[in-house]
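Step one of this worksheet: look at the structure below.
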Amino acid sequence: MSDNLQNNIIIQTLQAVNELYGAVLPESQVFLQETRKEFDGQITVVVFPFTRYSKKTPEQTGQEIGEYLQQRLPQISSFNTVKGFLNISLNDAYWANLLYTQIIHKAYGTFPTNSQTVMVEYSSPNTNKPLHLGHIRNNLLGYSVAEILKAAGYTVIKANLVNDRGIHICKSMLAWQKFGNGETPESTGLKGDHLVGNYYVIFDQVYKEEIKALVAAGQTEEEAKKNAPLIKEAQLMLQRWEAGDHAVISLWKTMNSWVYAGFAETYRNLGVDFDQYYYESDTYLLGKDIIEEGLAKGVFFRKPDGSVWIDLTADGLDEKLVLRGDGTSVYITQDLGTAQHKYDQYHMDQSIYVVGNEQDYHFKVLFLILEKLGKSWAKGLYHLSYGMVDLPSGKMKSREGTVVDADDLMAEMTETAKARTEELGKTADFPEEDKGRLYHMIGLGALKYFLLKVEPKKRLLFDPKESIDFQGHTGPFIQYTHARIQSVLTKASYKETSALKQPSSLGITEKDLLQALSNYPSIVKAAAQTYSPALIANYVFELAKLYNKFYHEESILKAEEEVTKQFRLTLSAATAAIIAKGMKLLGIEVPDRM
RNA sequence: GCGCCCAUAGCUCAGCUGGAUAGAGCAACGGUUUUCUAAACCGUCGGUCACAGGUUCGAAUCCUGUUGGGCGUACCA
């Protein structure tokens, strides 16, 4: 339903309550909802709140308000009252008109610019290992939220803060140096990020053996972890890196370049991109001036050993270290500095961090500190926290090799899509080059939809033994619906310029479909407000389901009348367009044939 | 210990600011194709919304407590 009519119903209902029962109520007292399927009508006014003023039964009250509304709103064709629910039916002309004047437009569901800028930081990988399923969830969420915000009228900057330095990076470097025998992506044929990741695993294996040996020699586990030669060597390498040692820097650059080439391929396959890269090797020293600022403002305090802290106990949190005793940064020091840096650069109204829920506490502290420092922009910061992706066996751990690799998974999904499609004989007449594209589209559609249909904050269970579905509540189901519509439109040689006339009557499913289409803009708005791709995902599924029902019930090409046929074609085209738009917000492409 | 998050059908999930008899998909069972793509459609089966109180005309939804699970609580990131 259009916002316009919705507002009218609310206003008229309030007037009715005023004129009939002498009560002046705020708009918040009028509750509109979609009429449930088992009753006649499309829109329902909940009349319970008015009965205390009407001093009549809910049925009588509904009846009186219904009559009042019908007299004043020509779009209302009829109404009925069940218990305290006033169910309103809107006439066919209203729905057809809505389709022709609004839904069909290209910009439908895309809001004009609100002149606000928002940064969405996502992905933020470590450069010591390849991406896994957890990262896929992060990337898809970030990309999708960015697209949704664009549709809602924001100017969006997609940012990627690459974690390219630190002890974990040195671990891969050291292991390669010691055990790599000069291996390169070229010499091994391995993707760069996988090659480097292998050495991260090797480091951990050797390190563990050393620990075991030291423990056998009488050291405690804790001592052994500190004293193992390999970890000491890695720490030394980090110091040399920080000192700008040529050999270390050169190795670091080489290995990182391998990883970046690998990531670029993964990102391309996944269909995500970025407007702004930040590298931790550039930003890790930021934040020290903020420490000074905080000390000067009395927000921070220094302990006798020189370390700097903030006391957040009054806010129900702890005392938090913000600078080490030796003057070096901790994680939050960098994040404070980077936040300021980003703001200085873009002056954005909002900044969203797509990061797993294991860091909930960190971001709570980070935002609170910036607020206490008096940063006006701190209120625009938001941690889009999402649940971990777990396997039936528990957490994924890179070092132990219990991860679902991103590249492998995408390849498997594409392969499954291919097998499934060929089994159904759908692509027998496809040109060879189109097949590959289609299989990739469907495979990734299944994967992306699977991950995005779940509310971000909920944790996700992925069972590699149970392959992701292609039927039912899935991406391919929605893609199929789109292809089906395109097929009909092609057969009818449908042109958008077809004369738009009022059909003699509309079926219930047609009206349901129109109502669903009419909800799209408010879904986009809600998804933007709550940063929830899941809202879009579930909406598009409902829409596709409704369309399939309609497709089954009514013949389009063989409609009784030409006007009806044109109307149904227009309705179909509009549905296809919304499906495509909605899926695009999820980063999922839809095919014209499948 | 303290803090945050989660709990809805056998499984995976929806359920908007409280509103009608809690909905989908999968799985199981049955039906639909000489007609626009059967990756579809229709039907059957399946729920004490973790538990106990409270607020309300009305609670899966809000509040409190309990239980179960996850995460965090580092001079790691």
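All chains are named by letter (A, B, ...) in the order of the sequence lines, taking the proteins before the strands, and each is independently numbered beginning at 1.
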Within the distance-only criterion (no hydrogens, no angle test), does the side chain of [X] pair as donor or acceptor with the backbone N or O of [Y] below 3.5 angstrom?
| X | Y | result |
| --- | --- | --- |
| A/Y200 | A/I169 | no |
| A/S307 | A/K303 | no |
| A/S385 | A/G356 | no |

Once you apply a heavy-atom cut-off of 4.0 Å, does [X] come out as touching a base, just sugar-phosphate, or nothing?
| X | value |
| --- | --- |
| A/R52 | nothing |
| A/E27 | nothing |
| A/A483 | base |
| A/E280 | sugar-phosphate |
| A/E455 | sugar-phosphate |
| A/M594 | base |
| A/G325 | base |
| A/H473 | sugar-phosphate |
| A/P58 | nothing |
| A/N163 | sugar-phosphate |
| A/Y361 | sugar-phosphate |
| A/I167 | nothing |

Ignoring hydrogens and angles, are the base of [N] and the side chain of [X] linked by a donor-acceptor pair under 3.5 Å?
| X | N | answer |
| --- | --- | --- |
| A/T481 | B/rA39 | no |
| A/T44 | B/rA20 | yes |
| A/N87 | B/rA20 | yes |
| A/K453 | B/rU12 | no |

Distance check, [atom1] atoms only: [N] and [M], in whole angstrom units.
| N | M | atom1 | answer |
| --- | --- | --- | --- |
| B/rA24 | B/rG43 | P | 9 Å |
| B/rC63 | B/rA59 | C1' | 11 Å |
| B/rU37 | B/rA9 | C1' | 32 Å |
| B/rG25 | B/rC42 | C1' | 16 Å |
| B/rC2 | B/rC49 | C1' | 30 Å |

Any [X] side-chain nitrogen or oxygen under 4.0 Å from OP1 or OP2 of [N]:
| X | N | result |
| --- | --- | --- |
| A/K320 | B/rC75 | no |
| A/R568 | B/rC36 | no |
| A/K457 | B/rC6 | yes |
| A/Y331 | B/rA77 | no |
| A/K364 | B/rU73 | no |
| A/K83 | B/rU21 | yes |
| A/K549 | B/rC42 | yes |
| A/S487 | B/rC36 | no |
| A/K426 | B/rA39 | yes |

If you only use heavy atoms from C-beta on, which nucleotide in [options] is closest to the side chain of [X]?
| X | options | answer |
| --- | --- | --- |
| A/F541 | B/rG19, B/rA77, B/rA24 | B/rA24 |
| A/K558 | B/rC41, B/rA38, B/rU35 | B/rU35 |
| A/F48 | B/rA7, B/rC75, B/rG19 | B/rG19 |

Take the protein atom [atom1] of [X] and the nucleotide atom [atom2] of [N], then report the distance between them rounded to whole Å.
| X | N | atom1 | atom2 | value |
| --- | --- | --- | --- | --- |
| A/R36 | B/rA14 | CZ | C1' | 13 Å |
| A/E466 | B/rU12 | CD | P | 9 Å |
| A/Q471 | B/rA27 | CD | C1' | 12 Å |
| A/D429 | B/rU37 | CG | P | 13 Å |
| A/L368 | B/rG72 | CG | P | 21 Å |
| A/L312 | B/rG3 | CG | C1' | 13 Å |
| A/K37 | B/rA20 | NZ | P | 14 Å |
| A/R324 | B/rC76 | CZ | C1' | 8 Å |

| Could A/R165 and A/Y284 be counted as a cation-pi pair, given that NZ or CZ must be under 6.0 Å from the ring centre and within 45° of the axis? |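 Verdict for A/Y284: a cation-pi partner in A/R165.
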| said: For the residue pair A/Y21 / A/T61, report whether a side-chain donor-acceptor contact shorter than 3.5 Å exists. | reply: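 A/Y21 and A/T61 do not have a side-chain donor-acceptor pair below 3.5 Å.
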Tell me whether [X] and [N] count as stacked here, given that the ring centres must be under 5.5 Å apart and the planes must differ by less than 30 degrees.
| X | N | value |
| --- | --- | --- |
| A/F39 | B/rA20 | yes |
| A/F85 | B/rA20 | yes |
| A/Y551 | B/rA40 | no |

| message | Both A/V82 and A/D326 contact RNA chain B. Which one's nearest nucleotide lies toward the 5' end? | response |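 With A/V82 and A/D326 compared, the 5'-side residue is A/V82.
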| query | Which value, rounded to the nearest 0.5 Å, describes the distance between A/L571 atom CG and A/L517 atom CG? | reply |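 Result: 6.5 Å between the selected atoms.
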| request: Can you establish whether the number of heavy atoms outside A/K288 located under 6.0 Å from its atom NZ is more than 12? | output: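 It does: A/K288 NZ has more than 12 such atoms within range.
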| Does the separation of the ring centres of A/F367 and A/Y353 fall below 6.0 angstrom? |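 Here the rings of A/Y353 and A/F367 have centres that are less than 6.0 Å from each other.
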| query | Ring centres of A/F48 and A/F85 under 6.0 Å apart? | reply |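 Judged by ring-centre distance (under 6.0 Å), A/F48 and A/F85 do meet the cut-off.
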Should [N] form a Watson-Crick or G-U wobble pair with both distances under 3.5 Å, which nucleotide is its partner?
| N | answer |
| --- | --- |
| B/rC13 | B/rG23 |
| B/rG72 | B/rC2 |
| B/rU66 | B/rA50 |

